[in-house]
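Just so you know, ligand 1 is whichever comes first in the structure, and atom 1 is the first atom listed for that ligand.
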Amino acid sequence: MGRGCLACARGGRAFAERYRQFLLEPGTLVTLASAVLLVAAIVQHPRGAISSAHGDGGTAPYIAAAVIASVYIWFSAIQGVRERDFTADIPVSIATAAAIAAGLYSAAAVVAVLLLVGGLLEEFVAARAGRALDALESLLPELVTVRRGPRDEQVALDQVLVGDRVLVRPGERIAVDGTVTNGHAAVDQAAITGESIPVDKAPGDPVFAGTLATVGALEIRATLVGAQTTLGQIRRMVADAEQQKAPVQRVLDRWAKLYTPVAIVLAAILWAATGSISSAITMLIVFCPCVMVLATPTALVASIGNAALNGSLVKRGATIEAMASVDTVLFDKTGTLTTGRPSLAAIEPLDGLTETDVLALAASAEKFSEHPIAHAVVRAATDRTIAVTDPDWFQALPGLGVRAHTLGHELLIGRPSLLAEHGLDISDRGDEHGGLTTITLAVDGQPAARIAFHDEPRPEAAATIAALRAVGIGTALITGDQTAVAQRVAGQLGIDDVQAEVLPRDKASAVRDRQDRGQRVAFVGDGVNDGPALARADVGVAMGISGTDLALETAQVALLSDDLSKLVHLLGLAHQAMRAIRQNLIFSLGVLVIAVALTIAQILHPVTGALLHELSSIPVIANSARLIRRHPA
Ligand code: ADP
Ligand code: MG
């Protein structure tokens, strides 16, 4: 027992600490004060609470509770009207005012306090639903060791600046997004990417705020701090989800404007027909869209929280709704279905150059390109200890290749058709390297080399395609690479629908074509050249690690660990979320209809009406909260 009590006390302190701000809000204080008064009133005069008979609840504590709670409700209703937000506060305000005017003080007190307590509970549950946020918050250290000048200093988290060198010791959480400059460590990234196995980090590797260095120490140069970090963005998206409205929600909002006048008219008719002011007051209380308004955002917030905890960023609530209707998923190849870390397979000089010459020229031209193949060229050169000089001039040709001036030469490097466009057809020279991704290099307007790469499919790609097919979702491969390569990869993964040698704008057309046929399309991509298609698709999905900033910004969903199998989880989650929303709406509409019928039949009174009204939100919130716990299959 003793231990339990101790834990209780500690829990109580932690609770008060965490919710201090919430507890000190005026609304909370008014609610608690009026609730205490009401309890006192009931203790003093229990009969007053149940009997709505005239004058029965006219004791001072009832009147005080009624006035304090009602005035607060009126106050927030008036504020709502000022902000053109015609909430359910209006009919409820009229109801409590009418009850007080009619001398039904105890009924007014019970109803007003119940509604305030209900509202408080809802806010409290919402704060708890933000538990995902709390969990994310706890991923950051309070103090951070930065190396400014010769000395290491401990500074508060919010004092860390971009460019700071941050020291992370074994077992410590990483506080910033950045690049490793020194040291090696196994980093547990589960909180951000959902990867269960720690990832080895060495100089040059990116690290995320909120991940944990398990073994080994790291020095990191901070590139993003605070709210800019991936973790900060996840937090913001989970928090924003509540504000944002899915299309379902917007329809409801339009109706919500109608509720207030309808409630008032219904109450007036009921009063005229029955002569019972109590029934009219009950109608004002039960005819309220509150629960229906909760139906959608609670489910969306829970789903976005679930996605975040499983390593996917879903930026908006509406995206969940769009994902639920997706029936076709189009994939980019390089960097999306494949690992995006192509390795050099062969260099074939055409023009008397050595392999070293070819790599030195190609790597210099590619040095500033973001494309996975460009990285592979630079890696191949560095592996052979070939110096990679900066180009004098560089131009990216998205989806085609690059042009550059370097080492005294004019270079054109990229897909074979790029050279063909410049009148350099080399298809009859040397091997074709069928099935391997091949790029060609021209030096000073002359074909100079062919370079071939292996690019293996991601290990989970085939299973993901199969899982999508199993739930009836069509897949297609849309790539800028050569047909032979595309065919080989598609064959390995079981994709029938292949479009190869596609230019960036034609990737968007590929999406549009399918949309014109009535399909709902998700596009999964990583590159700059995928931007138009990601924007055009009903749902754009970017690869989090291999993805370029442009892809990540354009897409509505990011797979933080580049794990394609998360896609299957996300689509399933979206279906469940929409089902939960439908259930919530049907349930709340059902309760409303029943409550109105019982009110007309004069079975419900203000007090029972308020109870029914408040209690009916619990199943809705609980149903939505289930979504948080759904695990990936
Ligand atoms: P995918 O659609 O499969 O991701 P991309 O559209 O990005 O492929 O690229 C299509 C083709 O264009 C690549 O297979 C490659 O041949 C060529 N390419 C694009 N960018 C570059 C680059 N920076 N260097 C060399 N080749 C490039
Ligand atoms: Mg790509």
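Salt bridge status for Glu355 with Arg384: present, with a side-chain N to carboxylate O gap under 4.0 Å. Between Asp327 and Arg520 no salt bridge is recorded (no basic side-chain N to carboxylate O distance below 4.0 Å).
In terms of protein heavy-atom proximity, atom 13 (C) of ligand 1 is nearest to Ile373 CD1, 3.9 Å. Considering only non-hydrogen protein atoms, atom 4 (O) of ligand 1 sits nearest to Asp332 OD1, 2.5 Å. Looking at atom 21 (C) of ligand 1, its nearest protein heavy atom turns out to be Gly401 CA, 3.4 Å. Leu400 O, 3.3 Å is the protein heavy atom nearest to atom 17 (C) of ligand 1. Among all non-hydrogen protein atoms, the one lying nearest atom 6 (O) of ligand 1 is Asn529 ND2, 2.3 Å. Looking only at protein heavy atoms, the nearest one to atom 11 (C) of ligand 1 is Gly480 O, 3.6 Å. Nearest protein heavy-atom contact of atom 24 (N) of ligand 1 is Glu366 OE2, 2.4 Å.
Side chain to side chain, Gln576 and Arg626 fail the donor-acceptor criterion of an N or O pair below 3.5 Å. A side-chain donor-acceptor contact under 3.5 Å links Glu219 and Thr181. Looking at His569 and Asn306, their side chains do bring a donor and an acceptor atom within 3.5 Å of each other.
Listed by number with element, the atoms of ligand 1 under 4.0 Å from a non-hydrogen atom of Lys507 are 1 (P), 2 (O). Ligand-side atoms of ligand 1 in range of Thr334: 1 (P), 3 (O), 4 (O), 8 (O), range being under 4.0 angstrom from any heavy atom. Taking every heavy atom of Asp481 and a limit of under 4.0 angstrom, the matching atoms of ligand 1 come to 10 (C), 14 (O). Against a heavy-atom cut-off of under 4.0 Å, Gly414 is close to the following atoms of ligand 1: 25 (C), 26 (N).
With respect to the Mg ion (ligand 2), Asp332 has OD2 as its nearest N, O or S atom. Sorting the N, O or S atoms of Asp526 by how far they are from the Mg ion (ligand 2) puts OD1 first.
At a 3.5 angstrom cut-off on N or O pairs, Gly399 counts as close to ligand 1. Checking only distances, Asp530 never comes within under 3.5 Å of ligand 1, N or O to N or O.
For the Mg ion (ligand 2), the N/O/S atoms of Asn529 include none lying under 2.8 Å.
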Trace of the salt bridge (Lys or Arg N to Asp or Glu O under 4.0 Å) decision for Arg415 with Asp481: CA-CA 7 Å; Arg415 58 201 252 180; Asp481 207 346; over 6 Å; no
